[in-house]
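Shown next, in structure tokens, is the structure this report addresses.
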Amino acid sequence: MAVASGGQRRMVEKTLAQIGVLDWFPVVVTAEDTRQHKPEPDVFLEAARRLGWSRRLARLRGHGLGSGSRRRAGMRWVDIRRM
């Protein structure tokens, strides 16, 4: 499992650590890890690449942004805002 975020690494890792889940994710990809950012899918594709997965994997969606990048990446998604 990976976290792919358009946010800054410092804030993403701090947030994951504060809620006690940073160790759950062997891969954390943030804005610093890719040249292009939303609406481009690079952050999601890089996370999949680091995990050795194909690009057609599910992606959890936690906010209203990113549907365009999801489509460009060819990924299926699950909206976790209501879970």
[X] versus [Y], closest heavy-atom pair with distance:
X: P26; Y: L51; answer: CG-CD2, 4.3 Å
X: G6; Y: A31; answer: O-CB, 3.4 Å
X: A2; Y: F25; answer: C-CD2, 3.8 Å

Legend entry - R49: salt bridge (charged side-chain N to carboxylate O under 4.0 Å, His left out) partners, not counting sequence neighbours: E46

Donor-acceptor contacts, no H, no angles, side chain residues 12-24, under 3.5 Å, sequence neighbours left out:
from : atom 1 : to  : atom 2 : distance (Å)
E13  : OE2    : R9  : NH1    : 2.9
T15  : OG1    : M11 : O      : 2.9

Legend entry - Spacing of OG belonging to S5 relative to CD belonging to E32, to within rounding of 0.5 Å: 9.5 Å

Legend entry - T34, V29, D33 screened by side chain to side chain contact (heavy atoms under 4.5 Å, CB included) with D42, the one that passes: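 It is T34; the other options fail the test.
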
